[in-house]
Amino acid sequence: MTPAAPLPLHGVRVAVTRAAGRGAVLEEALQAAGATVHQVPLTRTVRLDAAPLAAAAAQLGAYDWVLLTSVNAVAPLAEAVAAAGTGALMAERRLAVVGEATAAAAAERGWPAPALRPARANADGMVDAFAARSDVEGARMLYPAAAGARDVLPDGMRALGAAVTVIPCYATETDPAGQAQLAALLRDGALDLVLVAAPSAVD
């Protein structure tokens with residue numbers, strides 16, 4: 001009987017640096033390929049003052065589009081919409097969504113299927129996708145975003161003639177425990193690869 005071929009990542013020790021609960025799919029795929037996986041969250045997400053997003057949710061009918069570039073924006077927006085009682089209006093908004101996880105989180109809330117989902121899953125890709133449309137000029141857009149997010153998306157949409165309301169609703173902070181864990185693993189020579197999926201983790 002021919003022995004089974006080793007898995008492609010057999011013996012490779014990998015640190016996945018996504019925030020707790022965000023890297024499960026990646027971890028499972030790495031483990032299935034034979035890797036030893038360490039979950040080492042280098043960042044954590046914190047909510048910001050809910051009042052600005054609550055005010056926008058109460059006026060949801062004033063917007064044609066809702067822009068979602070992170071799964072972290074979905075829960076704060078959903079809570080604001082529920083509190084404002086504007087769920088029916090949310091069902092009538094057009095969604096522009098970046099990324100599979102964000103699209104899935106929106107679907108779990110019962111929101112409409114995205115009217116726009118760029119092939120390149122980032123803000124630049126979303127701007128390019130909107131640039132190919134003919135219904136952007138004059139459109140009113142709500143963008144619940146991370147504090148300190150790049151201005152690529154709102155600036156790009158304004159250049160195309162849209163009116164964009166940016167509301168920071170969450171922030172990314174460093175996770176000191178994860179940083180200490182990563183330092184210890186590196187010091188002990190216990191890692192072969194460190195995977196990062198966001199600029200904040202690189203920082």
Side-chain angles (χ1 to χ4, degrees), residues 19 22 43-173 197-203:
R22 294 290 312 281
T43 61
R44 58 191 177 198
T45 301
V46 296
R47 296 281 189 92
L48 300 180
D49 179 11
L53 190 57
Q59 300 296 321
L60 198 58
Y63 299 101
D64 304 300
W65 287 85
V66 176
L67 312 180
L68 296 171
T69 58
S70 171
V71 69
N72 292 321
V74 174
L77 178 59
E79 291 168 13
V81 167
T86 51
L89 289 174
M90 188 66 192
E92 298 170 357
R93 300 312 95 191
R94 284 177 286 177
L95 297 185
V97 174
V98 165
E100 182 177 341
T102 306
E108 288 173 5
R109 304 288 176 172
W111 294 346
L116 183 143
R117 185 172 164 189
R120 285 192 297 140
N122 55 32
D124 305 83
M126 185 174 281
V127 171
D128 289 343
F130 268 114
R133 299 177 65 97
S134 60
D135 59 354
V136 177
E137 187 170 358
R140 298 156 301 174
M141 301 182 171
L142 174 62
Y143 178 28
R150 295 187 307 153
D151 293 328
V152 169
L153 181 55
D155 285 354
M157 300 318 302
R158 289 168 185 146
L160 293 173
V164 184
T165 300
V166 181
I167 300 183
C169 60
Y170 68 94
T172 300
E173 295 182 345
S200 55
V202 175
D203 292 341

Counting C-beta onward and ignoring hydrogens, is there a side-chain heavy-atom pair between [X] and [Y] closer than 4.5 Å?
X: Leu142; Y: Leu60; value: yes
X: Arg150; Y: Asp124; value: yes
X: Leu53; Y: Leu77; value: yes
X: Asp135; Y: Arg94; value: yes
X: Leu160; Y: Arg133; value: no
X: Val66; Y: Met90; value: yes
X: Trp111; Y: Leu68; value: yes

How close do [X] and [Y] get, counting heavy atoms only, and between which atoms?
X: Arg158; Y: Val166; value: NH2-CG2, 3.9 Å
X: Leu67; Y: Tyr143; value: O-CD1, 3.5 Å
X: Val74; Y: Ala106; value: CG1-N, 4.2 Å
X: Leu48; Y: Ala147; value: CD1-CB, 3.7 Å
X: Pro144; Y: Ala73; value: O-CB, 3.5 Å
X: Tyr170; Y: Ser70; value: OH-CB, 3.1 Å

Calculate, to the nearest 0.5 Å, the distance between atoms CE and CZ belonging to Met126 and Arg117 respectively.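 The CE atom of Met126 sits 10.5 Å away from the CZ atom of Arg117.
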Rounded distance (nearest 0.5 Å) linking atom CG of Asn122 with atom CG of Asp128: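 With rounding to 0.5 Å, CG (Asn122) is 8.5 Å from CG (Asp128).
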Greater than 12 external heavy atoms within 6.0 Å of Gln59's CD: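 No, the 6.0 Å shell around CD holds no more than 12 heavy atoms from other groups.
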Counting only heavy atoms not in Glu100, do more than 12 sit closer than 6.0 Å to its CD atom?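 Not more than 12 within 6.0 Å, no.
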Sidechain-backbone polar pair: Arg93 side chain, Leu89 backbone, donor-acceptor under 3.5 Å: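 Such a contact is found between Arg93 side chain and Leu89 backbone.
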Determine whether a donor-acceptor pair (N or O, by modelled atom type, separation under 3.5 Å) exists between the side chain of Thr86 and the backbone of Ala57.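 Yes; judged by distance alone, with no hydrogens or angles, the pair exists.
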Thr102 and Thr69: side chain to side chain contact (heavy atoms under 4.5 Å, CB included), yes or no, with the steps? CA-CA 7 Å; Thr102 306; Thr69 58; over 6 Å; no
Apply side-chain hydrogen bond (donor to acceptor under 3.5 Å, both in side chains) to Arg140 and list each qualifying residue two or more places apart in sequence or on a separate chain.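 Expected list: Asp64.
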